[in-house]
*Asks:* 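The structure that follows is given in the form of structure tokens.
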Amino acid sequence: MFAILIQRTVYFVSGESSILMPTDEKAKKFALQVSRYMKLAGEKDFMNGETDFLNRNGRRLLKLSEKEKDDFFLSCANFFRMFLLILRQSKMKDQDIIDTRWKIPLKQRLKERILYRLRPDTFEMRFALRMSLVLTAGMTFNFLFSEGHSYRFVMNAFLLLRPMYEDSNYRIKTRFLGTAAGCILVSLFLPSTAGVPAHLLIAGLMVVCMYTATPGTISHAVFVTCFALPMTTLAMGVTAEAAFLRLIYVLGSVLFVLIVNRFFFPTSFKSQLKYNLEMLFHMHHMYLRILEDALSSPLDYWRLCDAQLQYHMVHAQIRKELPKSAKNDEGFYLDLLSITWRMASEIQQMFFHVTHKKRSLEARHVILRYIYYTDHILDQIQEMLHLRREKYQKNIEGMQYQRYVEGEPKLSQLMTLYAHNLSRLYAVVSKKIQT
């Protein structure tokens, strides 16, 4: 439980978003109180009963954080709920703790990792397939044609192919324009220079400029061309022919990569955003499956740790790529990420409340109905966003929805908070669709 809590806390404080930072004096004062509390907790041997002071002050800080609506305070509230649950667990005898295992089946984990990456809709697989196609076709061309410089075709194609469609298009433009400009400059000035020393001097100056220029820009491509052509001219003896071949091979590579990017496993920022959003909602459905399993089976800690890691990576990638993939709708997606992050924190806490208590059959049915209704609402949100829906479906017709469990106030509070954030998410998406 500590490992899960610390892992999630690290993701909170190490994120690129500034919304989780204390922005005003009240938040900064509270952050100092939290830091003093955790410093004191590190000095207490609470695993052997020194928990009374930590419980009292922890509940006080939890109440203070729950009064505020800012994301920073809500993050602190989620932290304290989990920490106080750990303190309560530390008082229990070993035989009363339902599950204390932490076993990571390495072979199974490696197998799942490999099988997951081999799916054709994953980013890594699509780029690998495109790269394989380009290199195979380029090397085939190089072997079939005896012209001594045909290797330039596959070399340029390799340099032009980028993981994202937009990045590749930018590299294509800069490479072609820079090469064309470099060929013109060399054709104008190189014939007036005679002798090997002059060629080597020009090449030496250009290589210095090449390594100081930003890779992928037009100026970098100009310097590369102005370095390569004097050296090639020494071998071929004809400047015009060397410039013509270089330009032709770059143009051929440009057309080839454009076709591959357009028709073979294309991956753009917009399509990647859609895929990442599908993964984000899929993770929330998977969290619901974990919660459902926790009603009858011990928590699988390695699965939970792995899910939390994957969720954070997808969440961070969406946030990082927003300026490129959804510049006009960045505010909407930031709201969506903020709400779903809260939901993930709350359902992770539910796992331990559900696992660490034996309950009646009626209470289990209440939680199951809650899970099925949540699945249904998440599917509706995905449908509004034109995202792929989950295959896991339950018929909720006639089911009674209830977000509290008798005799379990902490779990009921988390269920209410989660449902409230799910309603906010539905409202935010609905408003976006209507506008």
Side-chain angles (χ1 to χ4, degrees), residues 127-128 130-262 267 269 320 323-324:
F127 181 58
R130 272 186 290 131
M131 181 63 78
S132 299
L133 176 64
V134 166
L135 292 179
T136 301
M139 293 304 296
T140 302
F141 174 83
N142 189 32
F143 287 133
L144 292 178
F145 289 86
S146 58
E147 200 280 317
H149 300 277
S150 58
Y151 66 89
R152 293 176 181 170
F153 175 77
V154 64
M155 181 188 71
N156 280 295
F158 172 75
L159 294 173
L160 294 174
L161 192 65
R162 309 298 294 171
M164 304 304 293
Y165 181 81
E166 292 85 353
D167 287 341
S168 193
N169 277 2
Y170 174 76
R171 182 62 65 91
I172 284 171
K173 293 175 184 177
T174 57
R175 186 77 176 181
F176 178 74
L177 293 175
T179 300
C183 288
I184 294 172
L185 289 174
V186 171
S187 298
L188 291 176
F189 296 104
L190 196 61
S192 60
T193 60
V196 174
H199 283 68
L200 293 177
L201 178 62
I202 293 173
L205 291 173
M206 291 300 103
V207 79
V208 171
C209 297
M210 179 181 72
Y211 280 110
T212 55
T214 303
T217 59
I218 294 177
S219 58
H220 183 263
V222 170
F223 294 136
V224 169
T225 304
C226 291
F227 157 72
L229 283 180
M231 303 302 292
T232 307
T233 302
L234 289 177
M236 297 182 63
V238 183
T239 303
E241 183 181 351
F244 176 76
L245 285 174
R246 187 173 185 86
L247 193 58
I248 286 296
Y249 280 123
V250 169
L251 181 60
S253 301
V254 164
L255 294 175
F256 178 55
V257 171
L258 278 174
I259 292 172
V260 171
N261 279 337
R262 184 70 178 85
T267 306
F269 284 117
K320 182 180 179 181
K324 299 178 181 177

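Here the structure is a predicted model, which is why all the values come from computation and not from measurement.
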*Asks:* State the CG-CE distance between L205 and M210, to the nearest 0.5 angstrom.
*Replies:*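 CE of M210 is found 12.5 Å from CG of L205.
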*Asks:* In chain order, what residues pass the ring pair (Phe, Tyr, Trp, His ring centres under 6.0 Å) check against F158, with sequence neighbours excluded?
*Replies:* none
*Asks:* Going by heavy atoms in the side chains, are R175 and V254 under 4.5 Å from each other?
*Replies:* no
*Asks:* Show the nearest heavy-atom pair for residues G216 and T174, with the distance to one decimal.
*Replies:*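 Closest pair (atom of G216, atom of T174, distance): O-OG1, 2.7 Å.
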*Asks:* State, with a plain yes or no, whether a side-chain heavy atom of L133 is found less than 4.5 Å away from one of T136.
*Replies:* no
*Asks:* Under the rule for side chain to side chain contact (heavy atoms under 4.5 Å, CB included), what residues qualify as partners of I184, not counting sequence neighbours?
*Replies:* L188
*Asks:* Applying side-chain hydrogen bond (donor to acceptor under 3.5 Å, both in side chains), name anything that partners R130, two or more places apart in sequence or on another chain.
*Replies:* N261
*Asks:* Quick one: pull up CD1 in I172 and CG in D167 and give me the separation to the nearest 0.5 Å.
*Replies:* 11.0 Å
*Asks:* Tabulate below the donor-acceptor pairs under 3.5 Å that side-chain atoms of residues 217-230 make, not counting sequence neighbours, or state none.
*Replies:*
| from | atom 1 | to | atom 2 | distance (Å) |
| --- | --- | --- | --- | --- |
| T217 | OG1 | T214 | O | 2.7 |
| T217 | OG1 | S219 | OG | 3.2 |
| T217 | OG1 | H220 | N | 3.3 |
| T225 | OG1 | A221 | O | 2.9 |

*Asks:* Could you work out, with side chain to side chain contact (heavy atoms under 4.5 Å, CB included) as the rule, every residue matching I248, not counting sequence neighbours?
*Replies:*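 In terms of side chain to side chain contact (heavy atoms under 4.5 Å, CB included), with neighbours along the sequence ignored, I248 is linked to F244.
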*Asks:* Using side chain to side chain contact (heavy atoms under 4.5 Å, CB included) as the criterion, list what pairs up with V154, not counting sequence neighbours.
*Replies:* L135, M139
*Asks:* Atom CG in N169, atom CZ in R262: separation rounded to 0.5 Å?
*Replies:*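 Interatomic distance, N169 CG to R262 CZ, rounded to 0.5 Å: 10.0 Å.
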*Asks:* Specify the closest pair of heavy atoms between N142 and Y151, including all atoms of both residues, with the distance to one decimal.
*Replies:*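 Result for this residue pair: OD1-N, 3.3 Å.
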*Asks:* Going by the angle between their ring planes, with limits at 30° and 60°, are F153 and F256 parallel, tilted or perpendicular?
*Replies:* tilted
